[in-house]
Trainee: 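Pasting in a structure now, in structure tokens, and then I'll have a few things to ask.
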Number of protein chains: 2
Amino acid sequence: MTKAKTEAATIRDVARLAGVSVATVSRYLNKNAPLSPDAETRVQQAMTELNYEPHAMARSLATLKTNAIGLMLNKIEGDFFTPLLEGIENEATQAGYHLLISSSASIGPGRSSPLGPRNTDGLLVFSNAVAEPALRRLSESHFPVVLIHQSPPPDLRIPCVTVENKAATFKIVSHLIEKHQRRHIVLLRGPDDQEDSHWRETGYRQALDVHGLPFDPRLVRPGNFEREMAYRSMKEILSEGLPVDGVFAGDDEAALGAILAIQEAGLKVPDDVAMVGFDDQRISEYINPPLTTVRAPTEQVGRTATQLLINLINTGEAQSLTLLPTELILRRSCGCST
Amino acid sequence: MTKAKTEAATIRDVARLAGVSVATVSRYLNKNAPLSPDAETRVQQAMTELNYEPHAMARSLATLKTNAIGLMLNKIEGDFFTPLLEGIENEATQAGYHLLISSSASIGPGRSSPLGPRNTDGLLVFSNAVAEPALRRLSESHFPVVLIHQSPPPDLRIPCVTVENKAATFKIVSHLIEKHQRRHIVLLRGPDDQEDSHWRETGYRQALDVHGLPFDPRLVRPGNFEREMAYRSMKEILSEGLPVDGVFAGDDEAALGAILAIQEAGLKVPDDVAMVGFDDQRISEYINPPLTTVRAPTEQVGRTATQLLINLINTGEAQSLTLLPTELILRRSCGCST
DNA sequence: CTGAAAGCGCTTACAG
DNA sequence: CTGAAAGCGCTTACAG
């Protein structure tokens, strides 16, 4: 066992060396009360001489503030995870907060969440990483929570930040219809338990609607934001002989699988079937043909959510819904020549 | 301000309700002393009735253990970050530790590291995220630290886990020489302050050496593990008219830039110039031609480092060097036909 | 402007 | 097996 902790100087040591009381040192630390210049310099000196650093835990216990925020997510994976975390970590440490991370995948079932009021001042919850009952409990005890890419249950006022899924999907599907004259556009749906899926489906339907195209349920298949699933769905739909001239794949990952299925069927992207995705993963620019897709400001999502959470911690208030704008990235898979 | 904390039940509430002393509840919690069955059930009941959860901070203060480990890195970015963190987070929470993350990039200069003996039981340090003097201080106070992808200063015994950079590079460069008869192989060097760069350079030189090829300093250029830099270096070397028939790019990112430069010069990969990288980024499989490279077990690096750290915390001992094996991924850019 | 003292929620010798 | 009490390192009314 290490003894590092017992060797470190405490506030009492500093007080003794400076010839002042513990309270005075504390006041110097927190700069929350006037101090004589004399005392100030003596404390200052003692602190540097002892190489003193306040003990975070002790301070937390005394103030009932932890100066930490927590991030809960399902699983650490995927292209968007890094920029999301980068945004969060940046804002958090800039605001003087520590960042605790926990993925529910690695918590054994049954064991309760390791992150909560006991060790954080507030929580960032990504997608459906925290089940509704637990969310409800947190919310009812007025514990600061901000949701990312998921809206709260209708009766709970928990702030949420996400991206313009619906509008972006509307735009990209409309692009297929208007610019490239596609009429039979497949939708590869995302997983049911992710809210992004639903908004994207809504955007897809709206785009058909506005352009007077009929909604054909046979063109809607599971894609699950996965390459494999999308591949199989696409294979299947092609084998059924339905007329298909375009695909909104749900996300880029699914687009990968769908493109493969199309090419294996001897058809061409985009000539025979135009393809669009969502996310703008890094590889989407490199595949053949390069993928037309939607870029979401993921780092910004992280930053904004963190700012909101810190606001919520400090003031008790935060905007309830933040929708960040997305950007259409036109490449060759839709038929554009760029 | 939230009042969540003052509403939560404390150990005292549990004791009162159960009709026992605070000490008894504590003993039940820690299961570190015999307890009468009667007391046990009463405490048990009181705890569930009050929905009691021990306060982590208070416990930390009393035991001088934080039950948290910290991860320090320079910047949250890149393809390997996600698997690394996944491995770390998994091991940490499985062992009952919290994970604190801090990137030095987001700490203002001057401000001291937010992670240390005050709020963690041990630190994982990635690459050169912590400067040597600070590392020395930690090590001298016997604070548990494990280094990732970086060895300690020679006089410090800090455990380190990394991958077989040298052996892997030796193998992949030898492959270029033996299987594809390349004789003029460029080395695009990584950044000087990353240890990986040096081992890879050593592996490159060894491969030339063993095969009786002369080392030509004109073939060694800065690549910096960056696409842009590699592109420029490659452009330059090609314009100088040196005979070049192969490139070890340092990493995949650099290979991207180098391939572009070669193709822009009207040459073919791999026919005119064979290309190999290091990392096996996700896109490396999708580029044209698909990149031959080295795959490192990044998640495993994270897991192993975390296990070592926890061992170090508990026993004071840990293996000083762990070298994880890598895997050669043969694709078309080297001339293999797969 | 400054100090003595109580308290934050826990753990752990020390007695019994 | 169990309780009273001191202590972990800080902060913050309360007096002065």
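The structure presented is a predicted model; accordingly, all values stated were derived computationally and were not measured. Within every chain, numbering begins at 1; the chains are lettered A, B, ... in the order of the sequence lines, protein sequences first and strands thereafter.
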Trainee: Tell me every residue that passes side chain to side chain contact (heavy atoms under 4.5 Å, CB included) with B:Ser197, counting only those two or more places apart in sequence or in another chain.
Mentor: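 Per chain and number, B:Ser197 pairs via side chain to side chain contact (heavy atoms under 4.5 Å, CB included) with B:Pro191, B:Gln194, B:Phe225.
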
Trainee: With B:Glu49, which residues qualify under side-chain hydrogen bond (donor to acceptor under 3.5 Å, both in side chains), at least two apart?
Mentor: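 For B:Glu49 there are no side-chain hydrogen bond (donor to acceptor under 3.5 Å, both in side chains) partners, ignoring immediate neighbours.
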
Trainee: Which residues satisfy the salt bridge (charged side-chain N to carboxylate O under 4.0 Å, His left out) test with B:Asp38, sequence neighbours excluded?
Mentor: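 With neighbours one apart ignored, the set is B:Arg42.
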
Trainee: Let's test your reading of the pairing rules: Watson-Crick or G-U wobble, both distances under 3.5 Å, then write DNA chain C as a dot-bracket string with ( ), [ ], | and dots.
Mentor: |||.||||||||.|||

Trainee: Under 4.0 Å between any heavy atoms, over every strand shown, what does B:Tyr28 touch: base, sugar-phosphate, or nothing? Just pick one.
Mentor: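 If one applies the 4.0 Å heavy-atom cut-off, B:Tyr28 turns out to touch nothing in the nucleic acid.
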
Trainee: Across the strands shown, which category fits B:Ala39 at heavy-atom distances under 4.0 angstrom: base, sugar-phosphate, nothing?
Mentor: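 Answer is sugar-phosphate: B:Ala39 comes under 4.0 Å of backbone atoms only.
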
Trainee: Nearest to the side chain of B:Thr10, which nucleotide is it out of D:dC10, C:dC10, D:dG9?
Mentor: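 My answer, after comparing the listed nucleotides, is C:dC10.
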
Trainee: B:Leu64 CG to D:dG7 P: how many Å, rounded?
Mentor: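 Taking CG of B:Leu64 and P of D:dG7, I get 14 Å after rounding.
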
Trainee: I need a per-nucleotide contact map over nucleotides 11-16 of chain D, read 5' to 3'. Cutoff is protein heavy atoms under 4.0 Å; write B for the base, S for backbone only, - otherwise.
Mentor: BBB---

Trainee: In chain order, what residues pass the side chain to side chain contact (heavy atoms under 4.5 Å, CB included) check against B:Ala296, with sequence neighbours excluded?
Mentor: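 Counting only residues at least two positions away or on another chain, B:Ala296 forms a side chain to side chain contact (heavy atoms under 4.5 Å, CB included) with B:Val163, B:Thr298, B:Thr326.
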
Trainee: Could you pull out all residues at least two apart from A:Thr82 that satisfy side chain to side chain contact (heavy atoms under 4.5 Å, CB included)?
Mentor: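 Scan of A:Thr82 (side chain to side chain contact (heavy atoms under 4.5 Å, CB included), adjacent residues dropped) gives B:Ile76, B:Phe81, B:Thr82.
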
Trainee: How would you list, by chain and number, every residue that makes a side chain to side chain contact (heavy atoms under 4.5 Å, CB included) with A:Glu77, sequence neighbours excluded?
Mentor: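 Applying side chain to side chain contact (heavy atoms under 4.5 Å, CB included) to A:Glu77 gives A:Lys75.
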
Trainee: Applying salt bridge (charged side-chain N to carboxylate O under 4.0 Å, His left out), which residue pairs with at least one partner in residues 91-103 of chain A are found, sequence neighbours left out?
Mentor: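 Every salt bridge (charged side-chain N to carboxylate O under 4.0 Å, His left out) pair that includes a residue of residues 91-103 of chain A, provided the two are not neighbours, is A:Glu91-A:Arg303.
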
